[in-house]
Amino acid sequence: MPATIEIIQTDITTLAVDAIVNAANNTLLGGGGVDGAIHRVAGPELVRECATLQGCETGDAKITGGYKLPAQHVIHTVGPVWKDGKHGEPELLESCYRRCFEVAHQHGLKSIAFPAVSAGVYGYPMREAAVIALSAAQETISLYPELERIIFVQFSEGAQQVYREAATRLGTEYTT
Ligand code: AR6
């Protein structure tokens, strides 16, 4: 069975999946937005483990435990800050998704949930970010057959609508 793609509106910290992805910064030591929410729910042990990782390059991803989260792991990735789209932002955002899937595969994970990496404080336009996220998922499905669920989580109704429209345009089948 190929992985299913789900597009859902919820708080990512509530999901009991193998891994949730954190939209972190280069220090991996916490911040606002989804990063702040994940660290609040996971508790202080998460930042202690993150402190041993020596940060993370933009476009890369690193895995930790989930601690008090219902998710077993957190995959921390660092998206690009949007300038104008001509400073390597699309390639870096693609790299975030590719690396998250690679790390999930290396750990034999079957379910992974992503927020809209870079599309908050980092200013990446939601529509373009959604196309990159969904295209990466589509490519991954054939690469990693053990993956069962790929979940794209949006915090707002508007963002969810953008993801659904992007999926329809790309011909990506999804459930909600
Ligand atoms: N569940 C799901 N999605 C969420 C949640 C949540 N609990 N909270 C926010 N979002 P952002 P970025 C959405 O700003 O743009 C941090 O300070 C949010 O609505 O969290 O990659 C880091 O430390 C938006 O659509 O991440 C970095 O410094 C999406 O998640 C910086 O922000 C991403 O928004 C990273 O900025």
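In what follows, every heavy atom counts, from backbone to side chain, and hydrogens, waters and symmetry copies are set aside. We count ligands from 1, going down the list as the structure has it; atoms in each ligand are counted the same way.
- Contacts of A23 with ligand 1, taken as heavy-atom pairs under 4.0 Å, involve both backbone and side chain.
- Ranked by closest heavy atom to atom 24 (C) of ligand 1, the top entry among A113, G158, G120, A37 is G120.
- Annotation for ligand 1: atoms under 4.0 Å from non-hydrogen atoms of D35 are 22 (C), 23 (O).
- Residue, atom and distance of the protein heavy atom nearest to atom 14 (O) of ligand 1 are V121 N, 2.8 Å.
- Remark: ligand 1 and V34 share an N or O pair separated by less than 3.5 Å (distance only, no angle test).
- When the heavy atoms of A116, S118, G30 are ranked by distance to atom 29 (C) of ligand 1, first place goes to A116.
- Judged by the shortest distance from any of its heavy atoms, D11 lies inside the 4.0 Å radius around the atoms of ligand 1.
- Look at A119 and you'll find a heavy atom under 4.0 Å from some atom of ligand 1.
- For atom 3 (N) of ligand 1, the nearest non-hydrogen atom from the set F114, W82, F155 belongs to F155.
- Residue contacts with ligand 1, taken as heavy atom pairs separated by less than 4.0 Å, involve T10 solely via the backbone atoms N, CA, C and O.
- In plain terms, the two heavy atoms of A23 and V117 that are nearest each other are CB-CA, 4.2 Å.
- V81 belongs to a hydrophobic cluster with V121, Y122, counting contacts under 4.5 Å between side-chain heavy atoms of Ile, Leu, Val, Met, Phe, Trp and Tyr, direct or through other members.
- Distances between N or O atoms of I12 and those of ligand 1 include at least one value under 3.5 Å.
- Among protein heavy atoms, atom 31 (C) of ligand 1 sits closest to Y122 CE1, 3.5 Å.
- Annotation for A133 and Y163: closest pair CB-OH, 4.0 Å, computed over non-hydrogen atoms.
- Remark: K68 NZ to T13 OG1 distance equals 14.0 Å, nearest 0.5 Å.
- Remark: aromatic rings of Y144 and F101 are distant, center separation not under 6.0 Å.
- For ligand 1, the atoms sitting less than 4.0 Å from at least one non-hydrogen atom of G32 are 16 (C), 17 (O), numbered in the order shown with element in parentheses.
- Side-chain contact between L109 and Q72 is absent, with no heavy atoms from C-beta onward closer than 4.5 Å.
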Trace of the side chain to side chain contact (heavy atoms under 4.5 Å, CB included) decision for L15 with I8: CA-CA 11 Å; L15 296 179; I8 62 172; 4.3 Å; yes
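- Taking the side chain to side chain contact (heavy atoms under 4.5 Å, CB included) definition, one finds that A167 meets it with I7, L134, T172, Y174, sequence neighbours left out.
- Summarising the contacts of atom 25 (O) of ligand 1 with Q9, Q154, H39, M126, the nearest heavy atom is found in M126.
- The shortest separation from a heavy atom of T27 to ligand 1 is not under 4.0 Å, leaving the residue out of contact.
- Of all non-hydrogen atoms in G55 and K62, the two that sit nearest each other are O-NZ, 2.7 Å.
- For the atom pair CD1 of I5 and CD of E173, the computed distance is 9.0 Å after rounding to the nearest 0.5 Å.
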